[in-house]
Amino acid sequence: MGYFSWFFGLMGKRKTKVNILIVGLDNSGKTSIIERMKLQSGKVPKGGMPQEVTPTVGFSVDEFSKGSLSFTVFDMSGAGRYRNLWERHFREAAAVVFVVDSADKLRLCVAKDELDAMLESSELLGKPFLVFANKMDLPTALSPVDVAQGLSLDEIEAHPWQIVPSNALDGSGLQEGLDWLANFLNK
Amino acid sequence: MREQQAAQQAAQQAPPPRQVKDKNTPAWLEAWQDPMAGADAFSSCICTADLAGDGEFRLVVATAMKKMKVWNGTSLTSEHDLLEPPVAVCTFYPAEPKSPKRPSLAIAAGTHVYIYRNLRPYYKFTLPALTVDEQEIEVWKMVRDGQIGPKEAFDELANIRDAGVSLTSRSLDLLAMEDGAAGEVEQLRAAYCAAQAPEQLQHFTSITCMGSIKKNMDEWDATSCLFVGTESAELYVLNANGSAVKTTTRLPSVPVFVASTGLLDVDYRIVVACRDGRVYTIKNDELSTVVIELETQPCGLVRTAKQIHVACMNQVIHCYHAKGKKAYSLYLPAEITCIESMEVTRTRAVRCLLVALANNELRVYNEKHMVSKFDMMEPVRGLSFGRMGREDNTLILCTKGGCLQVKIMPRLANLEAVSQNGPPPEQDIPLAVPKKTKLYVEQTQREREQAVDMHQAFQKDLLKLRLNTARAYVKVMKDGQSPVNDSFEGVTVRIQASVQGLGPLFKIRVHVVNTGTKPVYDVPILLVPSDVDMYDLEEVIMQCPALLPGLPWIDAVKCRQKDPAAGAGEIRVIVATKTSPVPLITALIKMPLSEFLD
Ligand SMILES: Nc1nc2c(ncn2[C@@H]2O[C@H](COP(=O)(O)OP(=O)(O)OP(=O)(O)O)[C@@H](O)[C@H]2O)c(=O)[nH]1
Ligand SMILES: [Mg+2]
């Protein structure tokens, strides 16, 4: 309940800006998650909710707020040829959101490879990592425990981390993840 | 100033963020494996394609057990029975424009190409029938009309076959009936002839290899055509629907591996490795005069835009330029089971060659250089590199035991060839040559001027040294200090002494042989302890009455250590004669420690 008292206590104050880097393989649902989060924070997109998300090219920047925090998210493209852009935003990011397609068993090892490379970066040292085990609604999806095991999350020592099952289509799990992040960033 | 330095230092200390992973030998990422997949297939029977048109590339494996299995990601989505064992599988985009575009799947088996759309059988293409030999027709006609019996027909057909004519499968089947009891075979042949003769005689061939080539556009979903090689040494290019033959090329031998580049309607090459150990090129519908001759049979063929790689049975892969000029050869430590090209698109496309060996190794070559090596648990039967699911750099492996493995080449893997040409790095390390001191200069000066004197002085000293050595040797021989004496007055004696017992009571056995030619008489043998107070000897002198040449004389003496705790001493055995001033021979016995302390 400490969180809520903190939340109400800060209602009146000015919002703190935080940069968040959202990465993950292509088709994992990063853009969908951001669109859904924007909707949940009460920000109604101009042309209504977009029906179809298209693969991101390069990256795009979005903003939305939650409580006393105003998030600036860098939605990176996960396509192989754009993945080298990720590291350019390491320095300015306060936290990393790593999205995994839980149904893509084949590429879980690729996700782990990319995650490991990020964890080794000195620019991200100590910054929190939030992992969304996305597409939980699909019947072939792995459980969050399996995803965590596949990514060897338990071996992470230099970063606070959390794994949250999510579904970008109905928005479940997203707030839970954001709360964890907000909790960290407010400390 | 100091801050700047500190910053610089920090920058130097911070590891470069991404290069940590950039190891020299890239390890494949283990994506998935299924030992129970039952995927026993050669490279030609493995392919991936966007069968549903949703961007997820499905894996299709046609197994030796006449099954076609389709995987989406890691889940087996469907399984289809095949009528005949498959030879090759490939996908092609048919002519009609349809969106979203879905490729057709072609499976070559026997004389047919089975074409599937949406994973449902759609069309069966049958190879054109060959013309049947006149004589053969004649023979079967006579059989039908009852003019000749099965026995004569058999002989006639055997003659035709031996003349080098390619026979129909009906005749070949008859000719194969030659085992079994005499009467039985006759019966079998008669029954076969009776059953077969009325039917029309048809000559079919079978498919040995298959591939596809784009028609007129170089896009991944552009219309493409199938081509098949046959057992009758022909290569057919089919039309865009796979329903009819477009062009036929006669080859000098039976094609076993095919590969293609270019566009069918613009400019194309089909490279064919044949059973006669040669590689032919078909260039725009014509057999080119460029022929590559191999020392042994080919066992794999890979064609990239500029190069042809041929794997041979003698553990070598030859690489040729498109025009047939040899570029280089790779010599491998074991038989090659399959090869496959591996093209990884990064900022720059990297073209490599995947080689699976019979010793379970999986190697990746960039040009001549091995950039990665991996050990498998089982020999690889077939492999395919390409897009699977949503990953471009996927390697699919089918092993001998039917295990299916999927590996992914990591994005940051270093596949660049590290050139081994040029001087070795050691050459750049300077030798520790000493400085030219004044002393050194004087010495070299002197050496140059007085070379002859110095050489003579050295030789003189060397001679002296040799003389001294020889003298010392003679002295040892003369005074009888060694266990074998040099003949003194024609007597040569050899002595062997051993100690028996654990102590404090020992027995010393002495064994003396006269190896010379003259007998010696009255030989006293003395036993002298080095410390008189240490041992009590039963006898101090053993008297040997005669030492005859070649006959050993053996005797033993009891010896008691006075104080068993006093350590071990030595006893000298001296063989003397009454005439000689020096002993004939001496031996030194090192006594063992007494083990029993009473
Ligand atoms: N079933 C299901 N589908 C999802 C979910 N989240 C995203 N998708 C679908 O996954 C596809 C890819 O989503 P995107 O948001 O474009 O993925 P991305 O990570 O932004 O991809 P890139 O921009 O190419 O890196 C879309 O078709 C989404 O509708 C989910 O939770 N469940
Ligand atoms: Mg996106």
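First the proteins, then the strands, lettered A, B, ... as listed; each starts at 1.
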With a sphere of 6.0 Å drawn around [atom1] of [X], does it hold more than 12 non-hydrogen atoms of other residues, nucleotides or ligands?
| X | atom1 | answer |
| --- | --- | --- |
| A/Phe129 | CZ | yes |
| A/Gln149 | CD | no |
| B/Met370 | CE | yes |

Next on the checklist: If I compare all heavy atoms of A/Asn84 with all of B/Arg411, which pair ends up nearest, and what's the gap?
Outcome noted: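 That closest heavy-atom pairing would be N-NH1, 3.5 Å.
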Checklist entry - Taking all atoms of both residues into account, what is the closest heavy-atom pair of B/Ala31 and A/Cys109, and its distance? => result CA-SG, 3.5 Å
Item to check | Test side-chain contact (heavy atoms from CB on, under 4.5 Å) applied to A/Leu25 and B/Glu391, step by step | outcome: CA-CA 10 Å; A/Leu25 303 188; B/Glu391 179 58 48; 5.7 Å; no
Checklist entry - Quick one: OG1 on B/Thr74 to CZ on A/Arg107, what's the gap to the nearest 0.5 Å? => result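 Answer rounded to 0.5 Å: 13.0 Å.
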Item to check | Atom pair OG1 (B/Thr394) and CG (A/Leu106), whose distance is rounded to the nearest 0.5 Å | outcome: 6.5 Å
Item to check | Close side-chain approach of A/Lys112 to B/Leu29, heavy-atom, < 4.5 Å | outcome: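 The answer is no; the side chains never approach within 4.5 Å.
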